[in-house]
Amino acid sequence: MIQIYLVDYLGVHCGMHYYLEAFRNVLSDIPNTTVNILSNYPNRVDEIPFFINQYKGNKLIKGVALLKNLLRLKRFIKRYPNGIYIYLTYGNSIDLPFMRIVAQAHHHLIDIHEAIAQNVDANERLKHRFKHLYQNRIKAVISHSTRTNDFLKEYSYKSKRLSVPHFKYVFPKEYDATNISKDIFDATDKKRLNILFFGNLSESKGIDILLESVNLLENNIADKLNIIIAGKDFDGAVDRVVPKTGRSVKIIRRHITDDELRYLYQNVDYLSLPYRKTSQSGILEMAFYFKRPIIASDIPYFQQMLSQFPSFGVLAGNTAESYAKTLENTVREHRQSIYYTTSDYNKYENRSEIKLFISDFVKWLDIK
């Protein structure tokens with residue numbers, strides 16, 4: 001029996017448990033394999049998580065938790081050297097020691113969610129460290145987009161590469177209303193079109209583009225919109241644009257719980273993705289899972305997804321002016337628009353790329 005370990009230190013801290021469960025669901029169809037998750041949440045109710053949540057407490061507690069996590073992973077790989085280790089990386093500097101440890105395992109894959117994360121693309125020193133790591137230690141990777149492939153090309157990466165889009169989520173959609181805070185309940189407005197921006201509130205995600213675009217709308221259009229912004233404030237970009245008086249904009253800056261996430265996705269009309277860049281997007285896949293149309297900037301990854309599934313939403317430009325125009329058109333055409341056609345969703349449910357990934361993964365297991 002082949003033991004596969006999905007290794008991820010973010011887990012419930014940043015919603016990655018949804019992706020891990022979806023990934024495990026895909027790999028579980030492979031015969032003679034057992035898929036285990038090494039993260040900061042338990043696989044079973046009676047189980048202790050593999051990692052400590054290293055994002056809780058003061059700096060000292062966080063630092064100690066990080067060191068313990070690194071040491072535990074190193075010991076685990078030494079104890080089970082024949083396992084298949086798949087590490088989820090985000091391109092943060094904190095990934096470097098985890099990746100070096102995972103690279104010591106003979107059978108390892110690096111699942112690249114982002115090659116260089118958030119706003120550090122210009123950090124040449126960090127790029128050089130990642131480049132050295134990919135060139136000299138990493139034997140195989142999973143790429144999700146052209147952005148990832150561009151980074152791998154820049155890193156001169158020559159080893160094994162598997163490709164796949166984001167996996168389809170599999171968690172229950174129902175929510176427990178008793179676990180939802182009042183600010184979440186109060187965020188939606190049944191008299192308006194509810195547009196949700198969900199996730200890290202950062203410049204790379206274009207939160208300022210969304211706010212500027214709402215300010216540019218004529219009052220008769222803006223009055224029909226209720227903008228909900230929910231997530232952790234990553235770099236203060238949400239404060240760079242002040243909504244005009246009279247605009248309905250609700251901003252909730254904190255971790256959103258699982259039940260609150262499900263409530264929001266069930267009770268909004270559209271998802272806003274005005275991103276400046278991304279290698280892949282769990283927020284987009286979440287919208288697809290709940291069948292909520294997206295209003296997305298025309299960066300390559302969103303172009304690719306909406307070219308495959310055109311009824312899943314609309315593309316806007318990458319400026320506040322173009323995004324405002326798309327918002328205006330969305331308001332005007334809302335009642336006539338048809339989203340999530342049966343043919344598109346059936347194609348989405350049976351994506352050939354995921355089947356091809358499974359085939360390539362099995363071949364990689366045979367030659368590991």
Side-chain angles (χ1 to χ4, degrees), residues 2 4-10 16 19-20 23 27 38-39 51 66-67 69-78 80-167 204 276-281 299-301 304 353 356-357 359-368:
I2 298 173
I4 300 175
Y5 300 98
L6 300 178
V7 184
D8 174 74
Y9 63 83
L10 280 180
M16 289 310 300
Y19 179 88
L20 289 164
F23 199 172
L27 296 181
L38 308 184
S39 189
F51 288 132
L66 172 60
L67 292 174
N69 286 340
L70 291 169
L71 182 60
R72 184 169 191 196
L73 179 61
K74 187 172 184 176
R75 287 174 174 170
F76 189 89
I77 291 175
K78 187 174 181 180
Y80 304 105
N82 295 322
I84 310 296
Y85 293 90
I86 304 176
Y87 178 78
L88 281 62
T89 184
Y90 312 94
N92 296 307
S93 56
I94 198 174
D95 281 306
L96 291 167
F98 281 103
M99 290 172 66
R100 290 192 184 101
I101 292 172
V102 170
Q104 293 174 12
H106 182 65
H107 317 311
H108 67 261
L109 264 170
I110 302 298
D111 184 358
I112 307 173
H113 281 254
E114 187 63 270
I116 297 288
Q118 307 300 340
N119 64 345
V120 294
D121 282 2
N123 189 327
E124 292 301 324
R125 183 179 178 185
L126 186 59
K127 278 188 176 182
H128 178 75
R129 293 168 71 188
F130 273 114
K131 180 177 180 178
H132 182 269
L133 188 61
Y134 278 99
Q135 283 184 345
N136 297 288
R137 299 197 183 187
I138 305 305
K139 296 181 179 180
V141 302
I142 300 173
S143 171
H144 296 280
S145 68
T146 55
R147 174 171 160 82
T148 307
N149 289 331
D150 287 344
F151 274 115
L152 291 172
K153 183 178 180 181
E154 184 179 346
Y155 294 162
S156 302
Y157 179 77
K158 303 295 184 182
S159 298
K160 181 66 177 177
R161 186 182 312 187
L162 305 178
S163 297
V164 69
H166 198 289
F167 300 108
S204 65
R276 288 183 167 90
K277 57 193 174 185
T278 192
S279 292
Q280 50 79 43
S281 174
I299 60 175
Y301 188 75
Q304 175 190 347
E353 298 96 331
L356 179 60
F357 167 76
S359 175
D360 288 344
F361 184 84
V362 170
K363 292 176 183 177
W364 178 75
L365 288 180
D366 288 340
I367 63 173
K368 63 183 184 293

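Values reported hereafter were calculated over all heavy atoms of this structure, with side chains retained and with hydrogens, waters and symmetry mates removed.
- A pairwise comparison of heavy atoms in His107 and Trp364 identifies C-CH2, 4.3 Å as the closest pair.
- Side-chain rings of His166 and His144 stay apart, their centers remaining 6.0 Å or farther from each other.
- Using a 3.5 Å distance cut-off with no hydrogens or angles, the side chains of Lys139 and His106 do pair a donor with an acceptor.
- If you look at Tyr85 and His108, their ring centroids are not closer than 6.0 Å.
- The aromatic ring centroids of Phe76 and Tyr5 lie less than 6.0 Å from each other.
- Ring-plane geometry between Phe98 and Tyr87 is classed as parallel, the angle between the planes falling under 30 degrees on a 0 to 90 degree scale with a further cut at 60.
- Contact of the Val141 side chain with the Thr89 side chain is not registered, since no non-hydrogen atoms from C-beta on lie closer than 4.5 Å.
- Ile110 CD1 to Lys160 NZ: the interatomic distance, rounded to the nearest 0.5 Å, is 15.5 Å.
- Here Lys74 contributes atom NZ and Gln104 contributes atom CD; the two are 5.5 Å apart, rounded to the nearest 0.5 Å.
- Here the closest non-hydrogen pair linking Ala103 and Ile138 is CB-CD1, 4.0 Å.
- Between His132 and Tyr155, a ring centre-to-centre spacing not shorter than 6.0 Å is recorded.
- The side-chain heavy atoms of Arg137 and Met99, taken from C-beta on, include no pair separated by under 4.5 Å.
- Less than 6.0 angstrom separates the ring centroid of Phe167 from the ring centroid of Phe357.
- Taking every heavy atom of both residues into account, Leu38 and Phe51 meet most closely at O-CE1, 3.4 Å.
- Side chains of Ser281 and Thr278: no donor on one and acceptor on the other come within 3.5 Å.
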